[in-house]
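Proteins come first, then strands; the chains are lettered A, B, ... in the order of their sequence lines, and each starts at number 1.
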There are 2 protein chains.
Amino acid sequence: MQSVVNSESPSMAQNFDWLRRGVAEIFPQPSDADSETESLEKRLANANHPLRIKLGIDPTGADIHLGHSIPVRKLRAFQDAGHTAVLIIGDFTARIGDPTGKSEVRRQLTEAEVAHNAQTYLDQVRPILDFDTPGRLEVRYNSEWLSRLDLGKTLELLSTMTVGQMLAKEGFAERYKKENPIFLHEFLYPLMQGFDSVAVEADVELGGTDQKFNIAVGRDLQRHFGLKPQFGLLLPILIGTDGVQKMSKSLGNYVGLSEHPAQKYQKLQGVPDNLLAQYFELLTDLPLDTLPENPRDRQKLLAWEIVRQYHGEAAANEAQKAAESGGEKGELPEFSLESISQFPVKLSYLLGASGLCKSGGEGKRKIQEGGVRLDGTKVNDPDTAFQQASDLDGKVLQVGKNKFVRLVL
Amino acid sequence: MQSVVNSESPSMAQNFDWLRRGVAEIFPQPSDADSETESLEKRLANANHPLRIKLGIDPTGADIHLGHSIPVRKLRAFQDAGHTAVLIIGDFTARIGDPTGKSEVRRQLTEAEVAHNAQTYLDQVRPILDFDTPGRLEVRYNSEWLSRLDLGKTLELLSTMTVGQMLAKEGFAERYKKENPIFLHEFLYPLMQGFDSVAVEADVELGGTDQKFNIAVGRDLQRHFGLKPQFGLLLPILIGTDGVQKMSKSLGNYVGLSEHPAQKYQKLQGVPDNLLAQYFELLTDLPLDTLPENPRDRQKLLAWEIVRQYHGEAAANEAQKAAESGGEKGELPEFSLESISQFPVKLSYLLGASGLCKSGGEGKRKIQEGGVRLDGTKVNDPDTAFQQASDLDGKVLQVGKNKFVRLVL
């Protein structure tokens with residue numbers, strides 16, 4: 001297809017509602033002062049080949065939630081418009097960890113851990129992204145280029161920015177003012193993320209609103225290395241189901257992508273009314289002007305639609321039915337902890353006893369393979385044990401994607 | 001030889017006058033608060049193998065002067081005490097140049113230019129250092145380790161320091177306060193110099209008083225990598241023959257190591273009285289308590305002694321005799337510019353005409369080889385030409401180390 005430059009052309013009449021939906025900011029925006037800058041809409045309309053849409057993934061944790069799904073959903077929208085999603089697994093930094101050794105969050109991961117986390121991530125976003133259409137998805141590991149970066153090139157990256165520019169970054173500014181230590185290597189991370197954009201020749205980078213600085217650094221580096229600078233497309237940070245704080249696993253206000261349909265439904269049907277509009281806008285493709293009038297109906301539609309996205313219509317119907325008849329706990333099969341004769345009990349034994357696995361031995365193996373979750377949290381230690389039945393009461397034990405039981409007393 | 005730890009032992013009675021002479025500061029110094037720290041004297045006295053004494057050399061320029069000779073002379077004193085001089089040629093940074101491309105001083109040099117500058121440096125310090133006794137001199141190029149430094153290791157180096165610590169460094173502090181840009185890569189240079197100390201396992205690093213910060217960074221990095229931290233030995237910055245500003249080629253107040261004996265003598269016999277004590281202390285080994293009473297005699301002794309160091313006694317006597325009989329200009333052979341029939345004249349032609357070279361062709365070749373100097377400054381362009389005789393009048397033209405003429409009208 002020939003590129004069309006005239007802004008009056010039919011291709012510019014293209015509908016870009018999919019692009020703008022739920023977006024906090026797209027930059028740069030063409031302004032009167034800067035007539036050279038084209039808009040992202042214009043670049044998309046005139047593209048005669050697929051654009052490359054970058055999203056960086058931190059493979060330090062395995063489980064992701066609906067908040068994480070927002071840029072992935074936007075990535076899918078770009079795929080559907082014919083563009084290429086470039087998912088960048090940040091394995092290089094994960095392998096290094098925090099060089100000061102002070103951060104537990106940034107502990108050094110093994111190659112196997114990184115590979116496992118990356119695979120778990122891909123499994124979880126599989127329902128969102130188009131993995132099948134040729135040319136629509138590229139998965140890259142940034143160690144491919146960062147592990148080959150020598151000191152000369154690193155000096156060149158660093159030389160593109162001043163201390164003043166870096167200290168103006170949100171986060172650094174406050175810490176510097178409060179005289180909290182900022183270690184020098186922290187200045188390299190935005191440049192490494194920016195260099196990822198150089199390496200994959202990104203046309204657009206997606207990220208949360210907290211990523212504006214880093215995406216702008218990517219633009220500068222692309223310009224420095226003679227490339228056309230990428231657009232930044234910023235998406236809001238999702239408020240959790242408590243309606244107050246940002247969705248976060250540690251705050252317990254999250255809906256995990258690997259949770260059981262009934263758990264998802266149950267959490268989502270309780271989303272506060274003032275969040276519903278944002279949830280619909282960011283987490284569904286439903287037209288926003290034809291939503292039900294009644295708040296309760298809106299909650300039900302939201303819960304149903306999101307379960308449908310990840311598990312299909314039948315599962316959504318079933319989850320809805322269970323929630324309406326069975327009350328709070330949904331329709332998970334239950335396993336009575338009273339049948340366990342002795343505590344403490346090993347989780348591997350429970351897996352066999354509950355029928356989720358054929359035996360305690362298989363249970364142990366499944367834990368080692370990273371396939372076992374308790375209330376959505378992956379269990380890593382095959383020797384995990386519990387002191388008493390009350391520690392487990394009400395929790396959901398899960399093997400793989402489809403086998404669940406609720407443990408009850 | 002067995003190490004002796006008792007501070008009352010005979011070896012501690014060793015005379016360390018050679019160590020302390022002309023030194024501005026040795027650090028760390030043992031203090032009452034920190035009884036763990038041993039003194040450099042104690043370390044030297046107890047050493048049962050040669051210590052490694054580091055001096056870093058910047059190979060961006062070719063010509064060095066008496067100011068540069070001060071740490072080299074101290075290095076020789078360590079050699080004479082049985083230790084190993086480790087001269088580090090900073091070829092890595094010279095090859096990279098200034099990555100911002102803004103600094104003319106820090107332009108990128110070719111491998112050949114660096115090799116040439118390093119060789120010229122070694123030629124000039126040959127009269128000072130012990131090149132011959134086995135194990136007394138190690139010449140290392142820091143590209144050996146810096147070109148192999150990957151991003152992971154670079155992050156580790158950077159993580160050992162905070163932004164606040166780096167901005168406290170002299171130079172950075174003022175620039176940051178004045179809001180003059182400090183580029184991020186500038187933070188890496190002290191760490192690279194420090195990593196040199198790790199790589200060569202330096203026990204002592206020599207430098208001017210302006211090097212205290214960088215040498216301290218080397219100590220921190222050595223500790224980080226599990227080595228015993230080096231001592232820093234700081235030497236004063238030499239005041240030039242004008243008695244006012246620090247010795248510098250661009251200020252014209254210098255005595256170059258490759259200058260003709262007569263030129264050296266002439267410049268040094270005019271050193272102001274208030275500088276004589278420092279010059280004797282820093283540039284000679286003469287006992288300071290037996291110097292002549294008369295200032296003029298002191299000037300003559302200084303000039304004679306320094307010429308002797310670089311050219312031997314006969315040359316020193318000759319330079320002195322010439323200065324006393326022949327007045328200001330010394331005893332250089334002269335070449336009359338009046339014998340040149342046509343201006344502009346090429347320098348290569350002059351080299352042939354003056355008899356310094358066999359022909360203009362040989363002259364051109366000598367320039368290309370870097371063997372030609374005009375008034376002590378190396379000529380790089382073989383097509384260098386001069387418009388009129390007055391541009392050359394009084395200047396000294398030199399080929400190699402021993403052939404000089406003074407051009408006169």
Less than 4.5 Å to any heavy atom of chain A: does that hold for the side chain of [X], its backbone, both, or neither?
X       : value
Y176(B) : side chain
L155(B) : both
L188(B) : side chain
M161(B) : both

For T162(B) and P181(A), which heavy atoms make the closest approach, and how far apart are they? CG2-CB, 3.7 Å
Beyond-backbone contact of L158(B) with E186(A), side-chain heavy atoms, under 4.5 angstrom: no
Is chain B contacted by the side chain of L191(A), its backbone, both, or neither, given a heavy-atom distance below 4.5 Å? side chain
Neighbour count >12 (heavy atoms, 6.0 Å) for atom [atom1], [X]:
X       : atom1 : answer
E170(A) : CD    : no
E111(B) : CD    : no
K246(A) : NZ    : no

In Å, rounded to the nearest 0.5 Å, how long is the span from CG of L184(B) to CG of L184(A)? 9.0 Å
Can you tell me how far apart CG (D150(B)) and CG (L146(A)) are? Round to the nearest 0.5 Å. 11.0 Å
Can V163(A) and F187(B) be said to form a side-chain contact (heavy atoms from CB on, under 4.5 Å), step by step? CA-CA 9 Å; V163(A) 177; F187(B) 282 177; 3.4 Å; yes
One pair to check against side-chain contact (heavy atoms from CB on, under 4.5 Å): M192(A) and L151(B). What are the steps and the verdict? CA-CA 10 Å; M192(A) 286 158 65; L151(B) 184 55; 4.1 Å; yes
